[in-house]
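First up is the structure itself, then whatever we jot down about it.
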Amino acid sequence: MSKRFEIRFSGAGGQGLITAGIILAEAATIIEGKHAVQSQSYGPEARGGASKSEVIISDSPIDYPKATVVDACLAMTQESADKYANGIKKGGVLLIDSDFVKNEPKGDFKVYKMPIMRTAKDVVGREIVANVVALGAMIALTDAVSREAGLKAVLSRVPEAFIELNRKAYAQGFEDMKKILG
Amino acid sequence: MAKKVALMQGNEACAHGALYAGCKFFGGYPITPSTEVSEVLSKELPKIGGKFIQMEDEIAAMASVIGASLTGDKCLTASSGPGISLKQELIGYACIAEVPCVIISVMRGGPSTGMPTGPGQSDVMQAKWGTHGDHAAIALAPASVQEIFTETVRAFNLAEKYRMPVQVVYDEIVGHMRERIEFPEPGEIEVIDRAKPSVPPAQYKPYDTSFGDVPPLAAFGTEYRYHVTGLNKAPDGFPTTKAEYVDAEERRQVRKVDGEVGRAGIELNDEYLTDDAEIIIFAYGSTSRSARYAVNELRKEGMKVGLFRPITLWPFPEKRIAALGKQVKAIVVPEMNLGQMNLEVERVVKGACPVLHLGRVDGEPINPGQIMDKVKEVK
């Protein structure tokens, strides 16, 4: 059976989670040569509201382009956790931003907590790279793509002036998660 | 040399397909979920000496496409249900005046403004019967990012070859999802240009059927002059009410597409495990991807299920569906509407087997599990 790995990034519109999904899909398909589909759903608001981006990675062509039951989920806000942290596979993983998700979703999956927005703001230096911190953490958590492929995809997306900031954000997210995993 | 690859949205692939086909003009008005088509072309067309115009509304956008096409260029517009509704009068004009052009219809929920950011498949009948009067229609229904590219090229080819508007209809899911695309090299996919007149300007008639069912089309701005109208017309392009002209024109314009010769150059289907199938799923666009997933799962359970995926939606694949109707126990038609293409399947199958419809209109895709459950309802 071909392996189908499903990841969902969710949070508030404008947090860059669709971009995080696109970067992961690029790492998987353009850099690692696997099959990947990225899709999203969002409301009519330009900012705010709950937003989600899903990436499916497989070693064979992908038919159904949306998530069935996800292997891994990220929730950056309480609203997105309530709305999108369902349908996680038994034994799957959920990463929440512990500063914003106070009511932890319950289910047959393992919950990991990181202060993602705070890490971006206080440790990396800019709140705007919270999505890249989260991406680094999700890649460390899931091994969906290699650390190097993820970094390469991040750097190929960002303007010259922001390369170091994003490199730092990605490394911070990745390392923090590795520490949690022990 | 390795081919150029990218991860991109269906809508972006559509724009690149248009450029590959030689599109030189885009006239449009932005609307979710089609806007990325115009975004890419607004950047790319000026680089190749093409023109991009955002008009004051969708009606004017369609008019600009018709006018630009009559100067000899390949022209495109893109919109979604509400905008496509506004374009209908001009689409009919392009039908009767026989003006080549391509219309991209990215389907969301409807009617009216409906659900702008949700997917739908409820504009497939609009692609056939949206404009009034007897007329032929060609509509293509790609199901992947790569296929949106190739079908957009094919839409231009068919528009040029048959001298008429061609629609590419796909749902928001394939329009917005990102997949890997391999860009074909120039020359790898055939690109067709419209037939130009071989007679001198003084002898040219825009609807001269001595050249066949698709008369050559001269470009305005060259020395050829002719009359263009939405009225029924004589071969010279001027209005007429003469019965023999009107009847012959109407029948020819339908025959050029729906006749056997026309169909042979337009119909395109994808069949998956249909040879020994006892149940067929008829599905198009993103729903066909759910259906393929369902077929694989049902086969594991020992059920002989196959998928028929029309890539050309209009003209409808009548002969093949009629044959399959005699082969199988039932045909299941999942689509994101309350019953549209299933009516065509029923019409063609003529009761040879039951046709089960599965409709979903809540803004969510039809998932494989829903299709599997419907297939299991077959007695």
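To find a chain, count down the sequence lines: A is the first, B the second, and so on, and within it residues start at 1.
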Which atoms of A/A25 approach chain B - backbone, side chain, both or neither, heavy atom under 4.5 Å: both
Consider only side-chain N and O atoms of B/Y170 and B/N11, and report whether a donor and an acceptor are under 3.5 Å apart. yes
Under 4.0 Å between a side-chain nitrogen and a carboxylate oxygen: does that hold for A/E54 and A/R8? yes
So which pairs with a foot in residues 68-77 of chain A pass side-chain hydrogen bond (donor to acceptor under 3.5 Å, both in side chains), sequence neighbours left out? A/E6-A/T68, A/D71-A/K89, A/T77-A/S80
Have A/N131 and A/T19 got a donor and an acceptor in their side chains that come within less than 3.5 Å? no
B/R309 bridged to B/E271 by N-O distance under 4.0 Å: no
Relative to chain A, which segment of B/I366 carries a heavy atom at a distance below 4.5 Å: side chain, backbone, both, or neither? backbone
Can you list the residues of residues 140-153 of chain B that sit under 4.5 Å from chain A, counting heavy atoms only? none
Pair A/D176 + A/K178: basic N to acidic O under 4.0 Å: no
For the interface with chain A, which of B/N367, B/L7, B/V5 has the highest count of heavy-atom pairs at distances below 4.5 Å? B/L7
Is B/E297 salt-bridged to B/R292, cutoff N-O under 4.0 Å? no
